[in-house]
Structures are given as structure tokens and as C-alpha cells.
Number of protein chains: 2
Amino acid sequence: MASGRKKQFDEQTALEAAMNVFWQKGYVGASLTDLTQRMGINKPSMYSAFGNKEALFIKATQCYIDTKVAPHVDLLFQEGVIFKERLKNHMMSIVSMQCNADQVKGCYLALCQSELLSDDIPEQAQQILKKADVMTSEMYTKLFNSDAESIEIGLNKNAKANGLSIYTILKGTASMARSGIDKSELEYSIDRMLIGIGVH
Amino acid sequence: MASGRKKQFDEQTALEAAMNVFWQKGYVGASLTDLTQRMGINKPSMYSAFGNKEALFIKATQCYIDTKVAPHVDLLFQEGVIFKERLKNHMMSIVSMQCNADQVKGCYLALCQSELLSDDIPEQAQQILKKADVMTSEMYTKLFNSDAESIEIGLNKNAKANGLSIYTILKGTASMARSGIDKSELEYSIDRMLIGIGVH
DNA sequence: CTTAAATTATACCGCTAGGTACAATTTAAC
DNA sequence: GTTAAATTGTACCTAGCGGTATAATTTAAG
């Protein structure tokens, strides 16, 4: 018989702002003041909408995966494009995102995963970060293992190693992107490293 | 006409302990309690011996460079070994260090450099981290540019790109090592990526 | 117009951060 | 053995942390 004041902020917009803070500062380095300021709300609003810092982080991480990672994954399975081009398109698209001047440079996940050894990340946050790492690794292995063209070329024989190589390259470009290296330099590097893996 | 109590700890030993904490937690994540506990001293002793957290960090960083990085650099210039083997030895040696189970996994410098965008690293600490980054990059470029064998093979024509590729690979292995990937997996990846760069 | 539910702002909690004052202790020169 | 310099341990400072109690505000149903 009554139904209170309306929320004066958009939850999704606020979540994206939080995502950018974690992207820039990592889990430990992002303070509630940093977060709520950039979200444009105060602490009680944040706590009522998201729970606590860890819960906010988990949602922000999922937001990053959905909006900043998933689109590139689609390129891996695009119909009518040969395997090598699909893989290259995928990697180039990721690097382009990592270097985009309109957002934080580098990779949100790579940064926060590097904090895992610190013992300062709460349990559930650890889990989502580790899960994202394992799933990415497995995705590449499975790609080399299952893709019809990959099997044709024989890349499935070293599926796990091939997958890890791709992942290693992308972790490298993420790190370089954070340091401010130009996209073009990284694209060139990727192009040639793929040759060594047998993708050319 | 008097000369006080003797220091009850070894400064170098304490510095190495501090190095390990920064290696594990980064600059922001390493608290004075973490640091002094692992150094086995209390705060006033630390402040009198090293100045403050930033000064301790700068010395710890230099300690890392001297003891954990420099040895691998020597392998790049070893006499009586061909260029490609020198480069490979260098990279394998670094990866072996990054994966060593007896110490923190991954790279101290890569971790702390990833904190640079956070705006939470004091001025001088920023400078030493950026300088280490630039110098590493330049070292590889110069290697490809100046090494007699590199010139012979024609690798000097893409010296900058080649150097950046090497650096990118090593940033990638550093990140993977921190996640706990086996050394053998990374060695295999390096071996094949080098092929793409023309080092085989 | 009242009322109850929801969101807001303010002010605060206990705790830990980086850093320090000070007194107690140890040392070697005299 | 005294004395002055250096290091140690304890106890504390202010500021900021993650988190919350409370009261003021806004809202729509009755």
C-alpha cells in the first residue's frame, strides 16, 4: 500500500563505471571511495544495489566478460571464414580492444588475476577469476581439438600446447597494451608468432 | 666519543625479504605490516634503514633487477654461442626463473608495472618502473640492431618489431607463470613463437 | 492527505594504513 | 664506569579503509 522513492541512477551505467575502476586499479587498489565516486552514487546506495565490494566486483567482472570479451569469441566461430582467419580476426579484435584509447588500456582479467597470489582477494572473487582463466584456456584447447579445419591441418595434434600459446600471446599483448604500446606493433607481432604455431 | 648499539639484522637479507613481498603483492598491496613481518624487524628499524615504503620499494626493485634479471641478460652476450641459441637460452632461463617453485611465481616488474595506471604509485617508484620497461624494450631492439649475427641473418631490418615481439612473449609467459602454468608448456610455446620471428 | 515502502544523505563504526615520538636498551670510546 | 651515539620496542598519530545506523526525502497506494 505504498512503494517508495525511485532509484535516481541507472544500475547498468553504475556497474560499467565500477567495471572501469576495477579495470584500472584491480580489486585491492579500487577503494569504495574510488568506486562510488565514479559510479556517481554514495555508499548506502551502492550497498543496497550490489551488496558489498566483493559482490560488486563479481558483477563488474561478469559485465566485463559479457561486454568486452564475449564479442571477440564470436569471431572464432564465424561461418564462411577459414580457421586461420577466424583465429587471427579474434586475436586482432582483442588487441584492438586492449589498446583502445577511449577506455582503460590492457585487460581487466589479466590485471585482477595477477592479484590472486596476494592473499587479499576474497573467496568468491578468487573463484570467478580462476574460472575465467581456466575457461579461456580450455576454450582455445577445444577450438584446436574440435574445429574441423583445425583437424584437417593437423593442429589438433598439439591442441593443448597450441591453445596455451595463443593464450600466452594474448596475455603478453595485454601487458604491453597496459604499458601503452601501439596496437600496430602488437598486431605485427601476433601475425608473426602465429606463423610459428602453424597458423598462416 | 661513543658509537651505539649494533644492528641486529642483515640489511641485504631484509631487503630480499621485502623484495619477495612486493613480488607477491605489488606496491599497493604490500602493507608495512606485511613487509616488516617478513623482514623480521619492526617499523622504526625499517624506517631508519631504508627511509620509507617508497624508498624500500626502489631498493627492492633494484635488488630484483640485479639478482633476478641481470643474470639472464648475460646469456644474450655469451661468447662462442650462436645468436639464436643465445636468445633462446636467455628466454628459457627467464621462464625457468618465473616458474621456480621456490620463489614467487611470475615477474616482479610485470606485476608492479601493471599497477602504474592506478595513480596510486608515488613519483619515484613510477619512474624506476617505467625506466626498467623502456630499458628492457631498448635492450632487445639494440640486440637485433647491433649483433653481428643478427645483421647477417637480416633480423636487424625489423629490429624494433623483433625486440617488441620478444618482450611481448616474455610478458605473456610472466603472466602465465603467475597463474601456475608449467615451465615445460611455456618453453614449448616460446620455441615455436621464435620460429615466426625468424629465430630457429 | 495520510501512510508505508523505498532511496537518499549524513554521520559514524572498528580497523588498518603509512609514519613517528619516546623511552628503554645496547654499544664502544673515553 | 661514565657517557654519548645508535638501535630497539612500545605506543601512538592522522587518514582512509570497508561497512552501517539513522534520519531525511521521495514516491505511489489507499
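Below, chains carry the letters A, B, ... as their sequence lines are ordered, and counting in each starts from 1.
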Pair [X] + [Y]: basic N to acidic O under 4.0 Å:
{"X": "Lys142(A)", "Y": "Asp147(A)", "value": "no"}
{"X": "Lys25(B)", "Y": "Glu115(A)", "value": "no"}
{"X": "Asp133(A)", "Y": "Lys171(A)", "value": "yes"}
{"X": "Arg86(A)", "Y": "Glu149(A)", "value": "yes"}

By a strict heavy-atom criterion of less than 4.0 Å, which residues belonging to [range] are in contact with DNA chain C?
{"range": "residues 111-122 of chain B", "result": "none"}
{"range": "residues 37-53 of chain A", "result": "Asn42(A), Pro44(A), Ser45(A)"}
{"range": "residues 8-23 of chain A", "result": "Gln8(A), Phe9(A)"}

Open item on the list: With a sphere of 6.0 Å drawn around CD of Glu85(B), does it hold more than 12 non-hydrogen atoms of other residues, nucleotides or ligands?
Closed with: yes

Open item on the list: Within a 6.0 Å radius of atom NZ on Lys84(B), are there more than 12 heavy atoms belonging to other residues, nucleotides or ligands?
Closed with: yes

Quick one: are the ring centres of [X] and [Y] less than 6.0 Å apart?
{"X": "Tyr27(A)", "Y": "Tyr108(A)", "result": "no"}
{"X": "His90(A)", "Y": "Tyr140(A)", "result": "yes"}
{"X": "Phe57(A)", "Y": "Tyr64(A)", "result": "no"}

Round to a whole Å and report the spacing from [atom1] of [X] to [atom2] of [N].
{"X": "Arg5(B)", "N": "dG9(D)", "atom1": "CZ", "atom2": "P", "answer": "7 Å"}
{"X": "Leu32(B)", "N": "dC12(D)", "atom1": "CG", "atom2": "P", "answer": "19 Å"}
{"X": "Lys25(A)", "N": "dG16(D)", "atom1": "NZ", "atom2": "C1'", "answer": "13 Å"}

Task: Whichever of Ser31(B) and Lys6(B) has its nearest DNA chain C nucleotide further upstream toward 5' - done: Ser31(B)

- [ ] Check the pair Asp191(A) / Lys88(A) against salt bridge (charged side-chain N to carboxylate O under 4.0 Å, His left out), numbers first and verdict last.
- [x] CA-CA 8 Å; Asp191(A) 241 336; Lys88(A) 198 191 265 184; 3.0 Å; yes

